[in-house]
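A short worksheet on the structure shown next.
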Number of protein chains: 2
Amino acid sequence: MSTVADDRLAEPGLEPGLRERKKQQTRSAIHEAALQLIDERGPEATTVDQICQAADVSSRTFFNYFPSKAAALLQLPETPVTPEARERFLAASGGLVWALCDVVGGISEIGPDRIRLKKLLSRHPELVSPASSMMLELRTQFVALAAERASSQEQAELAVALVMAAFGCTIHDEGRDAPLAARLRNTVEQLHGAFDEQLV
Amino acid sequence: MSTVADDRLAEPGLEPGLRERKKQQTRSAIHEAALQLIDERGPEATTVDQICQAADVSSRTFFNYFPSKAAALLQLPETPVTPEARERFLAASGGLVWALCDVVGGISEIGPDRIRLKKLLSRHPELVSPASSMMLELRTQFVALAAERASSQEQAELAVALVMAAFGCTIHDEGRDAPLAARLRNTVEQLHGAFDEQLV
DNA sequence: TGCTGTTTTGCAGACATTGCAATATTACAC
DNA sequence: GTGTAATATTGCAATGTCTGCAAAACAGCA
């Protein structure tokens, strides 16, 4: 969904051309600037123009790369269900929910500044809502994927709901630098355990 | 949180004065107009100004009553955990999650146009994200309430996550005019059942 | 009727976001 | 190298949401 057309040199194992390299560079510059400024001043107090200035791009370019301020900060993939992820999902031996944890967890395996983001989120709770909002937009993709292994649409929805609930928890639980997928699985187990105690 | 100062005549059993009546009237007019117009034209195609014109108020007044377009449409209470709801919650005999379903479900017992809203949501999926977003803002209130009965903060978070997940499902399940609380409980049970099948 | 507190409104302005057209830059063929 | 097509960056104008502020309209009450 990136507005900037994908360079064909991007896909194969070929070394990316100058063009592609510059694009990654720009994208990264914007993201870095957003991360830095929002960290210092908070999300509301940081304007897109300030980020652009720091990243040395025009505000128009900013919106060529990201659809919103929050998107620039979080950098969620527009299409989390890559063909490879799908392969792994379909081939996974465990249960549906289990496999989903891996796919959903995969969105943040990029790992470099995920920790910074985590801290940002706990320092600025106003960001939780936009972040979850963006996750929600991916929901339908996850449901579609889940449906490929579920025995019914209902099941697919339930499984995704479960994992999204776990995601909601991991967003709130402070600390923990374990990979997201692992945390998700852990939380799902806790949710399972919850049924044996509070409910009746 | 309404910007419009609360009239002291609003609380007790006294008949509200003209002032209070007008306020309710205005609020309702705005909500109705939003409901109607957004239903016809869709959320993006409907501007605040159009709603104001239909409700016959200035746009400034609109924002005195509601913090956003979505808020005017959904009319979620700013404080869903009323003293009475809290009483009932603390006194409820069932499990924590169970009791939470009632509280969370309570936010929409106003019932008149909840059905219209439901249809709106399925007709315009773009609304799901804002709606969930607004629910999220209430999350901390629910967690705080849950913590009063939970044996740990963790438990409170898990319980709320479960109910919010159920809420996410009920938003998506078409049809059904049963009260929200009942649907929530139902979905929670389904989630419970899910553990005995897909997981391992 | 006149005083007081509340609500409504208009206005100006900040900020996010989009469409469009001009400009600059890269890739590639000759 | 030069030229051309493709693509990226930018500027500009416009729309729409939302806020602060001060003036005007209005209800409650003496």
Side-chain angles (χ1 to χ4, degrees), chain A residues 1-12 14-30 33-34 37-38 41-53 55-73 126-127 129-130 133-134, chain B residues 1-11 14-30 34 37-38 41-53 55-73 126-127 129-130 133-134:
Chain A
M1 188 75 80
S2 78
T3 322
V4 178
D6 283 327
D7 199 318
R8 57 217 157 304
L9 287 184
E11 320 126 11
L14 286 173
E15 4 119 19
L18 172 58
R19 199 158 220 162
E20 186 62 23
R21 251 179 300 133
K22 274 209 167 178
K23 253 163 47 179
Q24 292 309 329
Q25 192 176 314
T26 306
R27 166 175 300 269
S28 166
I30 295 174
L37 289 181
I38 292 181
R41 318 178 179 181
E44 304 305 281
T46 307
T47 73
V48 168
D49 282 337
Q50 291 169 341
I51 298 174
C52 292
Q53 198 167 339
D56 199 46
V57 294
S58 76
S59 84
R60 200 59 189 75
T61 297
F62 178 100
F63 286 107
N64 281 345
Y65 280 89
F66 301 101
S68 71
K69 196 162 57 166
L73 180 69
E126 321 93 276
L127 284 172
S129 190
S133 225
M134 296 188 60
Chain B
M1 188 76 80
S2 78
T3 323
V4 177
D6 281 328
D7 200 317
R8 56 217 158 304
L9 288 183
E11 319 127 10
L14 286 173
E15 6 118 20
L18 172 58
R19 201 160 219 160
E20 183 62 21
R21 251 179 299 135
K22 273 211 169 178
K23 253 165 44 182
Q24 292 310 328
Q25 192 176 317
T26 306
R27 166 176 299 269
S28 167
I30 295 174
L37 288 182
I38 292 180
R41 318 179 179 182
E44 303 307 281
T46 308
T47 74
V48 168
D49 282 338
Q50 291 170 340
I51 298 174
C52 292
Q53 197 168 340
D56 199 46
V57 295
S58 76
S59 85
R60 198 59 189 74
T61 298
F62 178 100
F63 287 108
N64 280 346
Y65 280 90
F66 300 101
S68 70
K69 196 163 55 164
L73 180 69
E126 321 92 275
L127 284 171
S129 189
S133 223
M134 297 188 62

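In what follows, chains are A, B, ... by sequence order, proteins preceding strands, each numbered from 1. The basis for the numbers below is simple: all heavy atoms, side chains too, and nothing from hydrogens, waters or symmetry mates. Quick caveat, the model's predicted, so the values are computed rather than measured.
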With sequence neighbours excluded, residues passing side-chain hydrogen bond (donor to acceptor under 3.5 Å, both in side chains) with Ser68(A)
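Ser68(A) satisfies side-chain hydrogen bond (donor to acceptor under 3.5 Å, both in side chains) with no other residue.
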Under the side-chain hydrogen bond (donor to acceptor under 3.5 Å, both in side chains) test, residues paired with Gln24(A) that sit two or more places apart
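If we apply the side-chain hydrogen bond (donor to acceptor under 3.5 Å, both in side chains) test to Gln24(A), skipping adjacent residues, the hits are Glu20(A).
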Just the rounded figure in Å: distance from [atom2] of [N] to [atom1] of [X].
X: Glu20(B); N: dA27(D); atom1: CD; atom2: C1'; result: 12 Å
X: Tyr65(B); N: dT19(D); atom1: OH; atom2: C1'; result: 18 Å
X: Lys23(A); N: dT7(D); atom1: NZ; atom2: P; result: 9 Å
X: Gln24(A); N: dT7(D); atom1: CD; atom2: P; result: 17 Å
X: Gln53(B); N: dT9(C); atom1: CD; atom2: C1'; result: 16 Å
X: Lys22(B); N: dT6(C); atom1: NZ; atom2: C1'; result: 13 Å
X: Arg21(B); N: dT6(C); atom1: CZ; atom2: P; result: 19 Å

Which nucleotides of nucleotides 12-20 of chain C have their base under 4.0 Å from a protein heavy atom (B), which only their sugar-phosphate (S), and which neither (-), written as one string 5' to 3'?
---SSBBBB
Can you list everything that forms a side-chain contact (heavy atoms from CB on, under 4.5 Å) with [X]? Sequence neighbours excluded, please.
X: Glu126(A); answer: Pro43(A), His124(A)
X: Glu44(A); answer: none
X: Ser28(A); answer: Glu32(A)

Within-4.5 Å side-chain heavy-atom neighbours: Val57(B) and Tyr65(B):
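Result no, sub-4.5 Å side-chain heavy-atom pair not found.
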Is there a side-chain polar atom (N or O) of Ser58(A) under 4.0 Å from OP1 or OP2 of dT10(D)?
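Indeed, a polar side-chain atom of Ser58(A) lies that close.
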Closest approach to the side chain of Arg19(A), judged atom by atom: which nucleotide of dT9(C), dT25(C), dT10(D) is it?
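Looking only at side-chain atoms, Arg19(A) lies closest to dT25(C).
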